[in-house]
Amino acid sequence: MIKAILIINNHGKPRLTKFYENYSIDKQQQIIRDLFLLVSKRPERACNFLEVDDVFADKDTKIIYRHYATLYFIFCVDSNESELSMIDLIQTFVETLDKCFENVCELDLIFHIDRVHYILDEIVMGGLVLETNPAIVVSNYEMANKLEKSENPLMAGFQGVIQSIKPK
Amino acid sequence: MSMKLRDLIKTVRSCKTAAEERAQIAKECAAIRTAIKEEDVEARQRNVAKLLYIHMLGYPTQFGQMECLKLIVSPSYSDKRIGYLGLMLLLDEKQEVLLLGTNCMRNDLLSPNQFVVGISLCALGNVCSQAMARDIAPDVEKLLTNTNPYIRKKAALCAIRILKKVPDLIENYMPKIKALLSERNHGVILTALTLIIEICEIDPTQIEQFKKIVPQLVRILKTLVHSGYLPEHDVSGITDPFLQVKILRLLRILGEHDPETSDIMNDMLAQVATNTEGSKNVGNAILYECVQTIMSIESERGLKVMAINILGRFLLNRDNNIRYVALNTLSKVVNTDIQAVQRHRNTIVDCLKDPDVSIRCRALDLIYSLVNESNIRVLVRELLNFLLISDSQFKPELVAKLCIVTERYAPNKRWQVDTILRVMSIAGNFIPDEVPSNLVQLICSTPELSSYAVQKLYLSVQSDLTQQPLTQVALWCVGEYGDLLVADKSQLPKEEEGLALNVNEGQVVDLIEAILKNSSTNQTTRQYALTALIKLSSRFSQSILGRIKSMIDQFKIHINLELQQRACEYSSLFAMDLKTSVLDRMPAVEKTEESPMPPKPTYGTNTPSPSQGNGNVGTPNQHNNNSANNNSKFGSLLEDLNSPAPQQQQQQQQSGTSNMSLLEDIFGPAPTAQSPPFGSSNGNNRQQQPQQSASSLLGLMGDLTVSPQQQALQPQTQPFSCPAYNKHGLNINYECSKPQAEQPQMTLIVMQVSNSNSSPVTNLSVKAAVPPYLKIQLLPPSGTTVPPNDSGEVTQSVKILNTVHGQKPVLLRLKLDFTLNGQTISEITDTPLPSQF
């Protein structure tokens with residue numbers, strides 16, 4: 001199972017944080033800091049795996065990360081996941097982002113964090129892999145976007161009214 | 001109107017300091033709170049979106065939780081989307097608020113819009129609590145058979161969360177799960193497989209049930225492997241690698257410990273292993289999973305060898321990730337087929353040279369588990385070469401492993417000494433604490449090696465003074481075997497000594513002086529050096545003694561207390577008769593439990609006897625006595641060199657030198673009325689009392705000289721009992737005996753202290769003093785509290801060595817301190833012993 005997915009930039013600023021296990025806010029920030037320190041120290045040619053004992057609550061944690069331009073994509077998984085498959089999954093995730101944002105860059109993630117979350121939720125759900133085909137994810141993403149745009153923006157204003165009419 | 005999300009992000013990003021950022025966030029949070037209070041419906045979506053951003057930066061956002069729930073009840077999809085997103089990130093299953101949303105989420109599960117159902121399932125799959133899981137379980141179960149694959153796959157993963165929370169629902173889901181496998185949609189199959197794997201983990205009793213689907217799984221896998229190019233599922237030339245990996249994993253779970261089931265998959269696994277192309281990561285991911293499955297199930301031996309060969313091929317891959325998993329997996333399977341792994345030994349050793357530290361660590365782990373008696377020489381040579389070039393953060397682990405394998409598999413002692421010495425001279429400062437002690441013990445227990453070892457150590461230290469553990473071991477050995485070091489080696493057969501070093505006493509002392517003066521020498525090493533010097537004083541000729549003494553004397557004013565104390569003690573030891581026996585060679589440890597192999601008598605033809613050497617007066621007999629309990633004493637001796645052992649503070653050794661007059665000041669003179677019939681008229685000699693603060697050196701001497709005698713406590717002459725003291729209800733009896741018939745000068749007195757009062761005597765301390773011609777040792781008492789009404793007694797043994805036996809009697813003065821009924825009493829008493837003692 002995947003415990004957490006993080007995107008951190010070269011300066012240690014989190015750009016996406018998603019935890020699939022319960023951690024307090026402080027613990028989450030601690031994990032982000034610790035992992036960034038570990039990952040940013042490693043040379044580019046080094047392998048993409050790390051075993052950490054003390055960052056997460058339990059010892060059974062592997063870190064699989066990749067560095068793309070200004071961003072580190074970090075997946076924290078337990079021993080049930082295959083390291084090599086995770087590498088491929090990161091690749092899938094990045095490819096999908098790239099298609100959805102057309103040449104994704106750090107700024108896209110900063111200003112559209114909700115969309116990044118949405119895309120991620122189409123790939124990983126509850127810490128388990130949901131879909132690995134970027135084409136399917138992208139088409140779902142676009143359909144959902146269309147749906148959102150087609151909605152009458154005024155609808156939101158009537159929300160309270162509709163709520164009261166709704167049968168219990 | 002509050003600012004837009006985009007503006008907030010820009011503002012926060014432009015903050016130059018953390019404090020500025022905090023202030024900005026606090027301001028924004030306040031604005032959001034106000035908006036929440038004012039029920040600002042229009043701003044709700046934007047506020048939650050802002051909170052998501054603020055949450056990511058690590059600020060508290062609990063106040064927005066209700067807003068998320070309000071958003072998910074909105075009919076608008078975009079509101080719902082942000083609402084559910086907030087729900088997943090800002091809330092967790094422990095929040096009671098979450099329950100309020102259950103109803104709405106259930107409604108959304110029934111929505112005709114697949115995206116609304118999708119986000120609801122996703123949120124439930126991420127955060128639903130046990131109570132919610134029970135509520136929504138029937139709906140999710142229905143969704144598993146929904147016509148839309150987008151919903152089916154999400155329902156499958158959501159079901160995992162539900163079953164983890166409420167495992168007894170598994171039975172309800174079972175029929176539907178099997179149907180999912182006949183799907184065509186790969187996404188659904190993938191999630192269905194995940195669901196099965198998770199169920200097997202939650203409830204292992206279900207594994208049996210799922211074994212029926214193995215042929216089906218094999219069929220799916222076969223289609224994938226032989227499908228050829230399928231554009232919609234192709235990932236760099238391989239059809240849906242994620243699905244293949246998942247199937248292989250499930251096969252592993254189902255085939256474990258089951259030869260029959262394993263048999264069904266054997267063929268397919270062989271096909272995957274041969275047909276998958278390993279030039280890209282995706283292919284290797286499948287091969288990796290396949291290898292793991294082959295190694296875990298009851299597969300044929302040929303298949304296992306094939307799997308290990310795949311890993312061997314991985315080791316040659318240029319991609320570090322592949323090599324990492326190969327090494328990792330090899331370490332796991334090394335015990336199933338060690339021969340097959342040994343074949344790749346050279347490749348594994350090459351991985352030690354990799355620039356990537358993770359690879360090196362894995363390779364080291366693997367080599368460590370590959371070492372055995374037959375390859376130890378080759379592998380240790382490789383590891384030593386590697387030790388030379390490895391960086392310092394890697395050395396401690398490497399050194400530790402080297403020492404362990406050397407101790408475990410060494411073909412002979414000499415090789416072991418050589419190897420450890422080499423490790424110590426390359427990376428001595430990284431050596432684990434126990435290694436120097438073990439080495440000393442090894443040298444000490446192998447007398448045939450001591451000459452060789454001391455020469456070797458002498459040479460290594462001469463070339464490098466900075467490796468502290470090495471220097472310490474060398475100093476210990478030079479101290480112990482200094483006589484062998486300077487001995488004339490020309491008569492010895494060459495093959496037995498190996499080295500024929502021509503060193504004279506002056507050079508040895510020069511070296512110790514150099515060590516003492518070197519700035520990188522630490523205080524512990526200096527302590528070793530002082531001990532070595534005093535030991536050498538009994539092994540080297542008279543001509544050099546003056547120099548040794550002056551070197552020790554230099555430390556009498558040293559700023560380090562331990563060194564100063566040591567120097568003072570050693571200096572006074574110089575003048576003592578006892579010196580030679582105290583400085584006797586440590587007896588050989590014949591056999592130890594820690595040592596994995598008994599000493600080999602290969603070099604035994606010319607074993608130097610322990611009593612050989614200059615000025616060594618120890619009797620062989622004593623050595624034999626000593627060797628039995630030497631093991632533990634040895635440890636305490638080494639400890640002793642580093643710090644005074646507290647329990648030895650109890651032991652007191654009285655020596656008849658100038659510090660006797662000092663004692664008088666401590667106790668004060670005994671009452672004249674009780675003035676004893678001590679033979680001497682010299683006032684100074686009359687009231688000698690022992691010193692309470694026994695030094696570590698004296699304790700050490702006690703260890704060396706007394707322990708054998710302690711063993712031989714069986715009295716050989718009739719014990720003689722006489723009353724010694726009776727006052728304040730406290731009664732002391734002496735029981736005197738001669739423990740060793742051949743040593744009439746030795747007397748053992750056992751004091752039996754009993755108490756006839758109705759209340760106990762506490763804090764009892766007995767001190768004893770003797771005239772200077774007697775040597776006394778007080779052993780620790782059996783207790784400090786004497787129970788009342790004669791119901792028990794405390795015993796304390798005293799050993800007295802009469803240097804002028806037959807001419808002067810044994811005299812003993814006791815100083816008693818005790819507390820009775822809260823009152824502290826101090827008494828001094830003299831009792832002459834019967835003349836035969």
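Throughout, a chain's letter reflects where its sequence line sits, starting with A, and its residues are numbered from 1.
Using a 4.5 Å cut-off between heavy atoms, A:Asp26 makes no contact with chain B at all. The part of B:Glu198 that comes within reach of chain A is its side chain, from C-beta onward, which places non-hydrogen atoms under 4.5 angstrom from that chain. Contacts between A:Ala144 and chain B at a heavy-atom distance below 4.5 Å involve backbone atoms as well as side-chain atoms. B:Leu124 does not touch chain A: none of its heavy atoms, backbone or side chain, sits under 4.5 Å away. For A:Ile136, the part sitting under 4.5 Å from any heavy atom of chain B is the side chain, from C-beta outward, and nothing else. Looking at A:Ile113, the atoms closer than 4.5 Å to chain B (heavy atoms on both sides) all sit in the side chain, from C-beta outward.
Nearest heavy atoms, B:Asp92 versus A:Asn22: CB-OD1, 2.9 Å. Across every non-hydrogen atom of A:Cys47 and B:Ser358, the tightest pair is SG-CB, 3.7 Å. Summarising the geometry of A:Asp114 relative to B:Arg81, their closest heavy-atom pair is OD2-NH2, 3.1 Å, with the distance given to 0.1 Å. Closest approach of A:Gln29 to B:Gly58, counting heavy atoms only: NE2-CA, 3.0 Å. Minimum heavy-atom separation, B:Leu157 to A:Leu128: CD1-O, 3.8 Å. The shortest non-hydrogen separation linking A:Leu147 to B:Asn113 is CD2-ND2, 3.2 Å.
Counting heavy-atom pairs closer than 4.5 Å to chain A, the top residue among B:Thr194, B:Leu190, B:Asn284, B:Val325 is B:Val325. Heavy-atom pairs under 4.5 Å with chain A were tallied for B:Glu289, B:Lys154, B:Arg161; the largest tally goes to B:Lys154. Considering only heavy-atom pairs separated by less than 4.5 Å from chain B, the leading option among A:Ile32, A:Asn48, A:Thr17 is A:Asn48. Ranked by heavy-atom pairs under 4.5 Å with chain B, the list A:Met86, A:Gln28, A:Gln91, A:Arg42 is led by A:Arg42.
Of the N and O atoms on the side chains of B:Tyr150 and A:Glu122, at least one donor lies less than 3.5 Å from an acceptor on the other residue. Side chain to side chain, B:Glu201 and A:Asn80 meet the donor-acceptor criterion of an N or O pair below 3.5 Å. At a cut-off of 3.5 Å, with distance as the only test, no side-chain donor of B:Arg249 or A:Ser82 sits close to an acceptor on the other residue.
Between B:Asn126 and A:Lys18, the closest side-chain pair of non-hydrogen atoms falls below 4.5 Å. A:His117 places none of its side-chain heavy atoms less than 4.5 Å from the side chain of B:Met88. Residues B:His186 and A:Thr132 form no side-chain contact, since every pair of their non-hydrogen atoms from C-beta on lies 4.5 Å or further apart. The shortest side-chain heavy-atom distance between A:Arg45 and B:Asp356 does not fall under the 4.5 Å cut-off. Residues B:Asn321 and A:Phe49 form a side-chain contact, since some pair of their non-hydrogen atoms from C-beta on lies under 4.5 Å apart.
Within residues 94-112 of chain A, the residues having any heavy atom closer than 4.5 Å to a heavy atom of chain B are A:Leu107, A:Ile110, A:Phe111, A:His112, listed by residue number. Contact annotation for residues 5-15 of chain A against chain B (heavy-atom separation below 4.5 Å, listed by residue number): A:Lys13, A:Pro14, A:Arg15. Against chain B, no residue from residues 69-78 of chain A qualifies, as none has a non-hydrogen atom under 4.5 angstrom away.
When the salt bridge (Lys or Arg N to Asp or Glu O under 4.0 Å) test is applied to A:Glu81, no partner is found at least two apart in sequence or on another chain.
Distance alone, capped at 3.5 Å, places no donor-acceptor pair between the A:Asn133 side chain and the B:Gly187 backbone.
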